[in-house]
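Below: one structure, written as C-alpha cells.
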Amino acid sequence: MIKFFRKIRQNLLMENKTRKYFKYAIGEIILVVIGILIALQINNWNENQKLKSRTQDYYAQLLDELNNDIISTQSIIKEFSNHQNEYNNYISSYDKKGLTPIKAYEQISKLALVYSPITFNTNTIESLQGSGDIGLIPSHIRNKLMNLTSLQKTTIKRFEDTGKGQLEITQKLSGLLGATTLPKRLVNQPEMKNFLNIDENLKELILVYEGLHRWKSIAQLESIYRLENIQKETGVIIELINKEQNK
C-alpha cells in the first residue's frame with residue numbers, strides 16, 4: 001500500500017515537472033516570437049524612415065528645380081514680350097506717312113535676331129523615373145509632374161520646329177547682307193560700300209527681314225502662351241509638394 005502511494009506521488013511529481021517544462025517552453029516561444037515581431041517592427045520603422053528621408057530629398061530637389069524654372073521662364077517671357085513690343089512699334093511705323101525704304105530698313109534691321117532658348121530643369125524627374133523611385137511620390141503629385149513634363153517637351157519641340165524655319169530665312173538674309181553688322185562697318189568705308197552695293201538688295205532685304213521677324217513673332221507669342229500655362233502648373237505642383245513636406 002505504501003509503495004502504491006509512493007508511486008502515485010512520483011507520477012504526480014513527474015506530471016508537475018512536465019507541466020512546468022511545457023509552461024516554460026511556451027513562455028520561451030512567446031518571448032522569441034515577441035522579440036521577432038519587435039525586431040520586424042523596428043526594421044520596418046527604419047526602412048520607412050529611410051524612404052521618408054529619400055522622399056524629402058527628392059521634394060527638396062524638385063522644389064529647387066521648379067522654382068528655378070519659374071524664374072527662367074519668367075525671364076524668357078519678359079524677353080519675348082520686349083521683342084513683341086519692339087516688333088509692334090516697327091509695325092506701327094507704317095501707320096505714319098512718309099516711310100521710306102531706307103527708314104523701314106533701318107528700323108527693321110535694329111530688331112533683335114538672337115533670343116534665349118527654352119530649357120527646363122528635368123534632372124530630378126528623370127532620376128525618379130530611371131531609378132524607379134517615382135513611386136515614392138504620391139499619385140496626385142506624380143500625375144501633375146508627368147503632365148508638366150509633357151507640356152515642357154511640347155513647348156520645346158514647337159519652339160525648335162519654328163526655329164528651323166527661321167534658320168532658313170536667316171541663311172537667306174546672310175546671303176544678301178553678309179553680316180547684320182556689316183552696314184555699320186561700311187559707314188566710313190565708301191569704297192567698300194560702293195563695291196558691295198548692299199543698297200541694290202534693299203527691297204529683298206526688307207522682305208527677308210519682314211518674313212524673319214513675322215515668323216519669330218508668331219513663335220514667341222505661342223511660346224509666351226505655353227510658358228505662362230507651364231508657370232501656372234509649376235506653381236500648383238510647388239504648393240502640393242509644400243503641403244506634403246508639412247505633413
Side-chain angles (χ1 to χ4, degrees), residues 44-88 112-170 212-247:
N44 289 337
W45 185 85
N46 287 333
E47 288 300 317
N48 288 334
Q49 290 300 114
K50 289 179 182 179
L51 291 176
K52 286 181 180 179
S53 177
R54 194 152 81 235
T55 303
Q56 290 298 323
D57 288 341
Y58 280 127
Y59 281 153
Q61 293 169 24
L62 284 169
L63 285 174
D64 186 54
E65 291 184 357
L66 292 171
N67 281 308
N68 284 334
D69 278 344
I70 285 183
I71 294 172
S72 63
T73 53
Q74 187 59 45
S75 176
I76 292 173
I77 289 172
K78 183 178 180 180
E79 177 187 342
F80 288 2
S81 296
N82 288 337
H83 288 178
Q84 292 302 309
N85 290 334
E86 292 170 358
Y87 178 68
N88 289 334
L113 290 175
V114 180
Y115 44 86
S116 300
I118 296 176
T119 59
F120 300 98
N121 295 290
T122 59
N123 290 335
T124 302
I125 188 65
E126 289 173 0
S127 177
L128 283 165
Q129 291 174 314
S131 64
D133 283 345
I134 190 69
L136 294 175
I137 308 300
S139 60
H140 66 291
I141 297 179
R142 184 168 66 244
N143 293 335
K144 287 282 187 182
L145 284 169
M146 295 298 102
N147 290 336
L148 178 64
T149 300
S150 179
L151 284 174
Q152 291 172 340
K153 288 180 179 179
T154 302
T155 299
I156 290 174
K157 187 176 186 306
R158 288 284 300 172
F159 192 68
E160 290 178 346
D161 288 344
T162 55
K164 292 175 184 176
Q166 291 175 60
L167 178 60
E168 294 177 4
I169 301 176
T170 303
L212 178 60
H213 285 291
R214 181 57 181 167
W215 195 308
K216 187 189 82 170
S217 176
I218 293 172
Q220 289 187 340
L221 282 173
E222 180 185 351
S223 295
I224 289 171
Y225 172 77
R226 290 180 176 276
L227 290 172
E228 286 176 343
N229 285 335
I230 286 173
Q231 278 199 319
K232 291 177 183 177
E233 290 300 313
T234 303
V236 170
I237 294 172
I238 288 173
E239 287 183 8
L240 291 173
I241 291 176
N242 284 329
K243 287 180 180 178
E244 286 295 318
Q245 284 186 314
N246 294 328
K247 283 185 177 179

Run the numbers on H213 and L113 for side chain to side chain contact (heavy atoms under 4.5 Å, CB included), then give the verdict.
CA-CA 8 Å; H213 285 291; L113 290 175; 3.7 Å; yes
Spacing of R158 atom CZ and T154 atom OG1 [to the nearest 0.5 Å]
9.5 Å
Could I get the full list of side-chain hydrogen bond (donor to acceptor under 3.5 Å, both in side chains) partners for Y58, not counting sequence neighbours?
D133
Below 4.5 Å, heavy atoms only, C-beta onward: do L62 and L128 meet side chain to side chain?
yes
L151 side, atom CG; I156 side, atom CD1 - distance, nearest 0.5 Å
11.0 Å
Q74: side chain to side chain contact (heavy atoms under 4.5 Å, CB included) partners, not counting sequence neighbours
Q231
Where H83 and A112 come nearest, the two heavy atoms and their spacing:
NE2-CB, 3.7 Å
Could you tell me whether E222 and R226 make a salt bridge, using a distance below 4.0 angstrom between a side-chain N and a carboxylate O?
yes
Does one side chain, of Q84 or S217, offer a donor that lies under 3.5 Å from an acceptor on the other?
yes
Residues I118 and I76: closest non-hydrogen pair is CA-CD1, 4.1 Å
So does S81 get a backbone contact from the side chain of Q220, meaning a donor-acceptor N/O pair under 3.5 Å?
no
Rounded to the nearest 0.5 angstrom, the CD-NZ distance for E239 and K243 is 6.5 Å
Can you tell if the side chain of E233 reaches within under 4.5 Å of the side chain of N229, non-hydrogen atoms only?
no
Can you tell me how far apart OG (S139) and CD1 (I134) are? Round to the nearest 0.5 Å.
11.0 Å
Let me confirm one number: the CD-OG distance from E79 to S223, rounded to the nearest 0.5 Å.
11.0 Å
Side-chain donor/acceptor of S53 to backbone N/O of Q49, under 3.5 Å
no
Keeping the roles fixed (side chain from K157, backbone from Q152), state whether a donor-acceptor pair exists under 3.5 Å.
no
I'd like to know if the side chain of S75 reaches the main chain of I71, judged simply by a donor and an acceptor atom lying under 3.5 Å from each other, with no hydrogens or angles considered.
no
Between N121 and N68, do the side chains contain an N or O donor and an N or O acceptor separated by less than 3.5 Å?
no
Is L63 close to Q245 at the side-chain level, that is, under 4.5 Å between some pair of heavy atoms?
yes
Going through the checks in order, is the side chain to side chain contact (heavy atoms under 4.5 Å, CB included) test met by L148 and K144?
CA-CA 6 Å; L148 178 64; K144 287 282 187 182; over 6 Å; no
Non-hydrogen side-chain atoms of L145 and I141 separated by less than 4.5 Å
yes
Ignoring hydrogens and geometry, is there a side-chain-to-backbone donor-acceptor pair from S127 to N123 under 3.5 Å?
no
Just by modelled atom types, is the T124 backbone N or O under 3.5 Å from a matching donor or acceptor in the E65 side chain?
yes
Using every non-hydrogen atom in the two residues, find where D69 and F120 come nearest and quote the distance to one decimal.
OD1-CA, 3.6 Å
Can you measure from CG (L212) to CZ (R214) and round to the nearest 0.5 angstrom?
13.0 Å
Apply the test side chain to side chain contact (heavy atoms under 4.5 Å, CB included) to residues I125 and T122: give CA-CA distance (whole Å), side-chain angles for both, the deciding distance (0.1 Å), then the verdict.
CA-CA 6 Å; I125 188 65; T122 59; 3.9 Å; yes
Between I70 and L66, does a side chain to side chain contact (heavy atoms under 4.5 Å, CB included) hold up when you go through it step by step?
CA-CA 6 Å; I70 285 183; L66 292 171; 5.9 Å; no
Are any of the side-chain heavy atoms of I137 and I241 separated by less than 4.5 Å?
no
Mind checking what makes ring-ring contact (aromatic ring centres under 6.0 Å, His included) contact with F159, not counting sequence neighbours?
F80, Y115
Can you find a pair of side-chain heavy atoms, one from I230 and one from T234, that are under 4.5 Å apart?
yes
